[in-house]
Amino acid sequence: MSYVFSPPAPTSIPIKGSSQIFAVNRIYCVGQNYSDHVKEMGGDPKKNPPVFFSKPANSIVINNLPVKYPSATGNLHYEVELVVALGAGGLDISQAEALDCVYGYAVGIDFTRRDLQTAAKESGRPWDTAKGFDQSAPISAIKPFDTEKNLGNSRIALSLNGELKQEATLGEMIWSVSEIIAELSKFYELKAGDLIFTGTPSGVSSVIPGDHLQAEIAGIGEIDFDILN
Ligand code: MN
């Protein structure tokens with residue numbers, strides 16, 4: 001048997017300090033996971049369970065390559081996020097076992113067509129075109145965490161054209177990494193190669209072609225790239 005056309009190469013991400021690469025299986029995302037951002041979007045942080053959505057695996061952008069301003073939006077927003085890279089998975093993973101599934105962490109951007117998302121929310125329709133578009137998930141190299149998997153209060157921050165726009169600590173997340181893995185695994189059988197974007201702090205705003213974004217999580221990684229026309 002042969003393929004009717006050559007299958008695409010798997011999306012892969014460099015690993016810090018290693019010549020090996022991480023093959024991406026699926027990309028899950030958590031909506032509204034920092035109370036300040038939930039408030040700025042008009043919600044109540046303690047009221048609702050985590051919101052999950054997904055992006056295609058090939059929406060990943062690596063190596064600080066520039067991102068082309070996407071079609072069909074006039075309001076493209078950045079969202080800096082901690083990204084969890086899974087080295088193992090399962091269904092109904094307990095919180096106690098959740099961190100055993102973590103291979104490492106990275107910093108990533110959950111690009112959002114905010115105008116389309118707002119329209120989708122108002123009409124009760126899905127978020128796919130607002131979230132799961134080409135080049136919507138730039139990411140740093142993955143830092144493996146062999147022993148220390150608890151991130152504590154590391155600083156997460158994003159600057160637009162050199163101006164600090166988002167700044168928080170990972171301790172401000174409403175749902176912790178273990179809680180997210182446990183909750184997500186009730187809906188999906190998680191696998192090695194899955195990524196989880198864990199939500200963004202307050203300070204989101206729009207970018208235009210020519211803008212430069214820089215984002216980092218202390219001890220994890222950094223990302224630095226341009227938006228092109
Ligand atoms: Mn997000």
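First listed ligand is number 1; within each ligand, the first listed atom is number 1. Any value given below was found using the heavy atoms of this structure, including those in side chains, with hydrogens, waters and symmetry copies removed.
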The Mn ion (ligand 1) - number of protein N/O/S atoms closer than 2.8 Å: 3

Aromatic ring pairing F22/Y103, orientation class (parallel under 30°, perpendicular over 60°, tilted between): tilted

S59-Q135 side chain donor-acceptor pair, cut-off 3.5 Å: no

From I208 atom CD1 to N229 atom CG, the distance as rounded to the nearest 0.5 Å: 10.0 Å

Side-chain donor-acceptor pair present, D211, N161, cut-off under 3.5 Å: yes

Modelled atom types, side-chain donor and acceptor of H77 and D110, under 3.5 Å: no

Sidechain N-carboxylate O distance under 4.0 Å for E79, R114: yes

